[in-house]
S.K.: 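Supplied in structure tokens, the structure appears directly below.
Along the sequence shown, the residues carry numbers beginning at 1.
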Amino acid sequence: MSTTSKPGLRATRPPRPEAPGANYPFSAVLGMADMRLALLLNAVNPAIGGVLVRGEKGTAKSTAVRALAALLPPVVRVADCRFACDPQTPDPRCPDGPHPAVRTTERRPAALVELPVGAAEDRVVGSLDLERALADGVRAYEPGLLAAAHRGVLYVDEVNLLHDHLVDLLLDAAAMGRCHVEREGVSVSHAARFLLVGTMNPEEGELRPQLLDRFGLTVEVAASRDPAVRVEVVRRRLDADADPAGFAARWAGEDAAVAGRVADARARLDGVVLTDAALRQIAEVCAAFDVDGMRADIVTARTAVAHAAWQGRDRVTAEDVRVAARLALPHRRRRDPFDTPGLDEERLDEALNRAQEEHPDGPDDGTGPDDGPAGGTGPDGGPDGGPDGGPAGGPDGGPAGGTGPGGAGGPAGDTGSAGDTHPDGSAGSAADPSGPDRPAAGEDGTSRPEQPSRDARPVAAPQPGLRARLFTAPGIGEGVPGRRSRARTGRGRTTGARVPAGRLGALHLPATVRAAAGYQVARGRTSGPLRLRPADVREAVREGREGNLVLFVVDASGSMGARQRMSAVKGAVLALLTDAYQRRDKVAVVAFRGAGAEVLLPATASVLAASTRLAELPTGGRTPLAEGLLAAAELLRVERLRDPRRRPLTLVVTDGRATAGADPLPRAARAAAVLRATGAPCVVVDCESGPVRLDLARRLATQLAAAHHPLPAVTTSPLAELATAGFTAERSVV
């Protein structure tokens, strides 16, 4: 039942969104054409579904997003409505409603609300003060961040690090356009439609497929390697730091022009014609890339219409479809975490050409997919392309301006992006505040194509159908939410009650009633509701699942490579990596060969990064087993200081041989004692094969008090028994 129909609802003001004017100017962000285009197209049509910006650190991701809100048209809302209801069509279920027929309105800038990755659930969806509800009979609801973001922008920096329970909340809100708060039989529901923008560094982990698909568009960004571009980035950053107000004033005119163009494109959006031929092209492209479901087709169509409106056209052209596909499909063609993101441009052109050949009455009036945008004028009355009438550069949907992406400065000290095009598609002019030192576009006056973010690197992929069984840490932990080991978390089944140590979590109503029952006579109660005190309140203790740190210690010595064992080892490790990705674990990789050990991958949530390091893993040389075990112990020590709540699991993949250095086997035994002292449960995966067996790996398992299992059984038998074998029930990992 909604609280709108019940008296006694009290509430506080919603959190204030960040002031857009405090941002680095959007027009001052150089290059990053795809990123700026994706943001602007969502500003034109928020129904596209938001943007995910992927890229290395220091590439103006946060800077550009924070600057976007200043370009959005102001929002007209019902005065004093904490949920930003539209006066024309107010939410009939608004908790502050029902609103009167004659409404007082107010005009405010579009909200930019940032969702911290460590936010509590009640901060996101709002909270009900259950202590007051029980003690005073008053339902007090405080709106959360989703309410503040309604009809604005919800920005999640490092969205790939967001806890799973918050991801679930975002998925629900994004799917239904509403936020529901359900607690102990009390229900609050309000509208929550927002432009979802996320930024992430792929090296720190990937997104869940369900959330990834909710982002309408995705773009990859990387810093420029051109010294001239980087010089200009630094110059602008220093100018902004020295005189923020003056720097913003210098770019105010260009920002105002882009904001006006966004408003014009919004007004033109409903008049853009999406022909059947354009729809066939969209369907052909989506089918060619074998994307799942129909969301890709819908998002591509909406993006193509928005791009045509942004370009000042009244019909969708083949170029609009091409640009939309480049932004809407890359993240939807990934099948597993080992697939590298991206889109084959030649394959895209082939699909567009095939659709046009099958249906000659194409949507672009003769303009092919490689011919650039159709002629005509943009909202500012000039050509859609560069100053010489060439193809559009930058956010107009053409190639990225300048020498490629780079980094731009932001208020928080980010480095800035680089390029040479303005957000309006022009390639720079004498009026550019950056002056004559600004990096020029191509010699012909048109923009140059964007450079790839980094060289392609080999990625190892698991064998089809090869799966690892679940293994867990012993005992019950209190780590970060995940899907592996048993843990006490804020979500899961209720197993008991306790006195809250801080802010009340989930109320355990029966335990609260029991705690208060014995004091009712002393409190003077003869009839009516229970008389409660704050000391009576009990919160629920819940048991769920946590994520772990899975440390792979891999033997890459000559004994492994000579017998062609590494292919089997990599297959098993990749299956375990896939399992770790699905269970929201962190992974780390230590390899030992030759004279020492190397941390190939520090603890990270990026399974793609781990598979890349594994594909590049060389083999050969002697076997420094002691060095590998000591390197693993040191990594665990460091990670315990860095992330003490995440319990580790160590998988030592070796044949047990030790041949490097003096007294290799005794040193390996001493190193095993050091690793055992860390308290991390271990599994020794025995890679020894052949008719003659030395059983050295089994001896190592005994020294580590670890489970021992042959390599072929790692992906075929349950590893839950392996991780706990050799441990008493009383032993726990902290």
S.K.: So, for Ala588 and Pro602, which heavy atoms are closest and what is the spacing to 0.1 Å?
M.R.: CB-C, 4.1 Å
S.K.: With a 3.5 Å distance limit and no angle check, can you tell me whether Thr59 reaches the backbone of Lys61 through a side-chain donor-acceptor pair?
M.R.: no
S.K.: So, Arg236 side chain and Val234 main chain: donor-acceptor pair closer than 3.5 Å or not?
M.R.: no
S.K.: Say you draw a straight line from OH of Tyr24 to CH2 of Trp251; how long is it, rounded to the nearest 0.5 Å?
M.R.: 7.5 Å
S.K.: Any donor-acceptor pair under 3.5 Å linking the side chain of Arg326 with the backbone of Asp34?
M.R.: no
S.K.: Show, in sequence, the C-alpha distance, side-chain angles and deciding distance for Leu68 and Tyr155, and conclude whether the side chain to side chain contact (heavy atoms under 4.5 Å, CB included) test is met.
M.R.: CA-CA 11 Å; Leu68 174 68; Tyr155 171 46; over 6 Å; no
S.K.: Is it true that Glu114 and Arg123 make a salt bridge, defined as a side-chain N closer than 4.0 Å to a carboxylate O?
M.R.: no
S.K.: On a heavy-atom basis, which atom in Met32 and which in Ala222 lie closest, and how many Å separate them?
M.R.: CE-O, 3.3 Å
S.K.: So Glu232 and Arg230, do their side chains get closer than 4.5 Å, heavy atoms only?
M.R.: no
S.K.: Give a yes or no answer on whether the side chain of Glu56 reaches the backbone of Val221 with a donor-acceptor pair at less than 3.5 Å.
M.R.: no
S.K.: I need the Thr303 OG1 to Asn42 CG distance, nearest 0.5 Å.
M.R.: 7.0 Å
S.K.: Can you find a heavy atom in the side chain of Val285 that is under 4.5 Å from one in the side chain of Thr300?
M.R.: no
S.K.: Grab the two heavy atoms, one from Ala43 and one from Leu72, that are nearest each other, plus how far apart they are.
M.R.: CB-CD2, 3.4 Å
S.K.: What are the two closest non-hydrogen atoms of Ala308 and Arg315, and how far apart are they?
M.R.: CB-O, 3.7 Å
S.K.: Does any N or O in the side chain of Arg302 come within less than 3.5 Å of the main-chain N or O of Ala47, such that one atom is a donor and the other an acceptor?
M.R.: yes
S.K.: For Ala306, give me all partners under side chain to side chain contact (heavy atoms under 4.5 Å, CB included), at least two apart in sequence or on another chain.
M.R.: Leu41, Val44, Asn45, Ile48, Leu269
S.K.: Quick one: does any side-chain atom of Arg54 pair with a main-chain N or O of Met200 as donor and acceptor, under 3.5 Å?
M.R.: no
S.K.: Can you tell me how far the CE atom of Met35 sits from the OG1 atom of Thr63, to the nearest 0.5 Å?
M.R.: 8.0 Å
S.K.: Take His150 and Arg193 through the side chain to side chain contact (heavy atoms under 4.5 Å, CB included) test and state the conclusion after the steps.
M.R.: CA-CA 5 Å; His150 179 48; Arg193 293 183 296 274; 3.7 Å; yes
S.K.: Apply side chain to side chain contact (heavy atoms under 4.5 Å, CB included) to the pair Glu158 and Thr199, showing each step before the final yes or no.
M.R.: CA-CA 5 Å; Glu158 306 295 349; Thr199 57; 5.9 Å; no
S.K.: Return the CG to CG distance between Leu327 and Leu217, rounded to the nearest 0.5 Å.
M.R.: 5.5 Å
S.K.: Under the side chain to side chain contact (heavy atoms under 4.5 Å, CB included) criterion, do Val124 and Leu146 qualify, and how do the steps go?
M.R.: CA-CA 6 Å; Val124 177; Leu146 296 183; 3.9 Å; yes
S.K.: For the residue pair Asp320 / Thr317, report whether a side-chain donor-acceptor contact shorter than 3.5 Å exists.
M.R.: yes
S.K.: Do Gln311 and Val272 have side-chain heavy atoms sitting under 4.5 Å apart?
M.R.: no
S.K.: To the nearest 0.5 Å, what is the distance between CH2 (Trp310) and CG (Leu40)?
M.R.: 4.5 Å
S.K.: From Leu115 CG over to Asp157 CG, what is the distance, rounded to the nearest 0.5 angstrom?
M.R.: 10.5 Å
S.K.: Under 4.5 Å between any side-chain heavy atoms of Thr218 and Val51, yes or no?
M.R.: no
S.K.: How close do Pro116 and Leu162 get, counting heavy atoms only, and between which atoms?
M.R.: O-CD1, 4.0 Å
S.K.: What I'd like to find out is whether the side chain of His307 reaches to under 4.5 Å of the side chain of Leu37, using heavy atoms alone.
M.R.: yes
S.K.: Quick check against the 3.5 Å criterion: does Asp255 have a side-chain atom that pairs as donor or acceptor with the backbone of Pro25?
M.R.: no
S.K.: Flag the pair Glu284 and Arg280 as a salt bridge only when some basic side-chain nitrogen lies within less than 4.0 angstrom of an acidic carboxylate oxygen.
M.R.: no
S.K.: Where do Ala324 and Ala304 come nearest, in terms of heavy atoms and distance?
M.R.: CB-N, 3.6 Å
S.K.: Any heavy-atom pair between the side chains of Leu170 and Leu154 that's under 4.5 Å?
M.R.: yes
S.K.: Tell me if a side-chain donor or acceptor on Arg332 pairs with a main-chain N or O of Ala328 at a distance below 3.5 Å.
M.R.: yes
S.K.: Could you tell me if the side chain of Leu196 sits less than 4.5 Å from the side chain of Phe215, heavy atoms only?
M.R.: yes
S.K.: Side chains of Thr275 and Val273, heavy atoms from C-beta outward: is any pair under 4.5 Å?
M.R.: yes
